[in-house]
Amino acid sequence: MATKEDVRKLAALARISIADAELEAFTSDFDSILSYVSQLDALELPKTGAVKPPVRNVMREDGEPHAPGKFTGKLVAQFPQRDGDYLEVKQIISHD
Amino acid sequence: MTKPLNELTIAEAARALRARECTVRELWDACLRAAEARNPELNAYLELFEPDTAAIDAAQRRIDAEGDNAPMLCGIPLAVKDNLLIEGKIASAASKMLENYVATYDATVVRKLKDAGALFLGRTNMDEFAMGSSTEHSAFGTTKNPADTERVPGGSSGGSAAAVAAHLCIAALGSDTGGSIRQPAAHTGIVGMKPTYGLVSRSGLIAMGSSLDQVGPLTKTVEDARALLDAISGPDPLDGTTIGKETYHSVSVPERLTIGVPRALIEQDGVHAGLRKAFTETLAKLEAAGHILVDVELPMSPNALAAYYVIMPAEVSANLARLDGMRYGHAARGKTLLEDYLLSRTEGFGAESKRRILLGTFVLSSGYIDAYYRKADAAREVLRGEYAQAFAACDVIAFPTTPSPAFKFGEKSGDPVAMYLEDVFTVTANLTGMPAISVPMGAVTEGGKTLPVGIHFTAPHGGDELALSAARAVETAH
């Protein structure tokens, strides 16, 4: 059984706030989903017969880079706050 | 020609354009007029684009100059799911989080279609970030099923399915993570296909579950599904999971298909009686047409949905972590940087996205990862092996696409697990990465309404042509 406190903690880890009014419903949904997927607990998996996909860990060589600034204009246009081509965020280190 | 232009298939429209029975502009206008007339009722499109006159003229010139050598998709107006990027257009994934996000590049599938001369009518509604089976989880209103507007069109590609079924476009693109192309196709009476994992690039698809996602066609016929798939498939340096022809054994298509039927799974409770009857009758017709039915057993299948609802949320929680209100999308501001993240994510995501992010965070957390995520992943590999073994004795495996026909609005939205059970027959193809297709198998009557239902074929890896051939056999037999 998940508690409201568990759900609140998961939400904090996932950078989401769940309002107190919604917490009950989220906890009960969470419980019903977990109880459904918990059938995996009892599942005995056979020792053989597992097959992994053939395409794994695809790497590529570093090739020719594109010209500097080629995509900058389009990307910075999406920034919610900017200072020229810099993305502006709040100060995270305080001097107190 | 007696059919209105918007009701044509890709093949019919391509022929009509080459025979000068209509122009590209007339075809575009017919689709756009139909969309403008019906969209207020259906809400299949979130946005209809202004006509791109240059692209329309270029397509016409190419057809005039090249005739039959022009690509089949040249001049064909398509609808595109709102999680595929078209440069310069909004791609919101039907979420408040990306309501203002303008795509900075073309998805590879969009680029390929542009190169082929295809046209884009608009972006279609969906469940937020492709999470849902009814399009009720869109932040911009539900889409209605053209077969019965009191019912859902399925999801998450519900807008694309409704647009094709109501002839508001010639064909559409969707994405399928657990059934999101095939289930809405079944509920709206059209063809929908999830190709072999890796056959189609996902570059420019807003990621949901990256080991499961595939882009695929929603079309009026199997022939159209093949044409659209041909146009979008192929290796892509921008998606390292794309496959080449050599990745899997080549699969030949026999004249008489051997169709595996997992009877034990279909006879379980929860499968609608009328739908089961349509399934049995369709199989009988296939047998009468010379195809061979064999029983197959897939003992791991009853656990597939549970494994899926561990693996998928795990990947969702990782993929949606990038949406934090910093570089693009919804950006709320509080007193601290942490508050900026919290407010942006809390306001931007809808309830279902939040549920799955929390579930994914849980199954990946220390102390639970072995019991949930690693167990599910191991079950997935067993399932893969089990299907591979079953395909030693048959060419395709048949299921009904869904356990029941389209349901009414609100019927399942209060119970997440009931909604998840919609995907019980479709998720295995995503877990195994095998190609699968849904094709109409007639209809059932429910509450005085005739509702379409679909039959589903899974084929071995790289056997996309087998899946298409089985679907074509159903079209021919009906």
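Within every chain, numbering begins at 1; the chains are lettered A, B, ... in the order of the sequence lines, protein sequences first and strands thereafter. Scope of the values below: all heavy atoms of this structure, side chains included, with no hydrogens, waters or symmetry mates.
- Neither the backbone nor the side chain of Leu364(B) comes within contact range of chain A, judged by heavy atoms closer than 4.5 Å.
- For Ile92(A), the part lying near chain B is the side chain, with the backbone staying farther off; criterion is any non-hydrogen pair under 4.5 Å.
- Tyr101(B) approaches Gln78(A) most closely through the heavy-atom pair CD1-OE1, 3.3 Å.
- Of all the listed residues (Ala306(B), Ala376(B), Gly329(B), Gly414(B)), the one sharing the greatest number of non-hydrogen pairs under 4.5 Å with chain A is Ala306(B).
- Note on Gly360(B), Ala371(B), Ala379(B): by heavy-atom pairs under 4.5 Å with chain A, the leading option is Ala379(B).
- Residues Glu386(B) and Val51(A) fail the side-chain proximity criterion, which asks for heavy atoms closer than 4.5 Å.
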Notebook entry, point to check: Passes salt bridge (charged side-chain N to carboxylate O under 4.0 Å, His left out), Lys74(A) versus Glu87(B)? Steps please.
Noted result: CA-CA 10 Å; Lys74(A) 280 186 208 162; Glu87(B) 189 179 344; 2.8 Å; yes
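- At a 4.5 Å heavy-atom cutoff, the contact between Leu40(A) and chain B is made by backbone and side-chain atoms alike.
- Contact between Val382(B) and Pro46(A) at its shortest, heavy atoms only, is CG1-CG, 3.7 Å.
- With a 4.5 angstrom heavy-atom cutoff, Pro302(B) touches chain A only via backbone atoms.
- At a threshold of 4.5 Å between non-hydrogen side-chain atoms, the residues Tyr328(B) and Pro80(A) do not count as touching.
- In this structure, the portion of Asp340(B) lying under 4.5 Å from any heavy atom of chain A is its side chain and not its backbone.
- Between Arg355(B) and Asp29(A), the closest heavy-atom pair is NH1-OD2, 2.9 Å.
- Between Phe362(B) and Phe30(A), a ring centre-to-centre spacing shorter than 6.0 Å is recorded.
- For chain A, the option among Thr346(B), Ile357(B), Leu383(B), Asn100(B) with the highest count of heavy-atom pairs below 4.5 Å is Thr346(B).
- You'll find the side chain of Lys90(A) stays beyond 4.5 Å of the side chain of Glu339(B), heavy atoms only.
- The side-chain heavy atoms of Leu87(A) and Arg327(B), taken from C-beta on, include a pair separated by under 4.5 Å.
- To the nearest 0.5 Å, atom CG of residue Asn303(B) and atom CG of residue Leu43(A) are 4.5 Å apart.
- Only the side chain of Phe26(A) comes within contact range of chain B, with heavy atoms under 4.5 Å apart.
- Between atom CD of residue Gln39(A) and atom CG of residue Leu305(B) there is a gap of 8.0 Å, rounded to the nearest 0.5 Å.
- Atoms OH and CD1, from Tyr420(B) and Ile33(A) in turn, are 3.5 Å apart once rounded to the nearest 0.5 Å.
- Only the side chain of Tyr248(B) comes within contact range of chain A, with at least one heavy atom under 4.5 Å from a heavy atom of that chain.
- Contact of Leu359(B) with chain A is made through backbone and side chain together, with heavy-atom distances under 4.5 Å.
- Contacts of Thr432(B) with chain A are absent, with no heavy-atom separation under 4.5 Å from either backbone or side chain.
- Using a 4.5 Å cut-off between heavy atoms, Gln81(A) touches chain B through its side chain atoms alone.
- Taking each heavy atom of Gly240(B) and Val55(A) in turn, the nearest pair found is O-CG1, 3.9 Å.
- Put simply, the side chain of Lys354(B) never gets that close to the backbone of Ile16(A): no donor and acceptor are under 3.5 Å apart.
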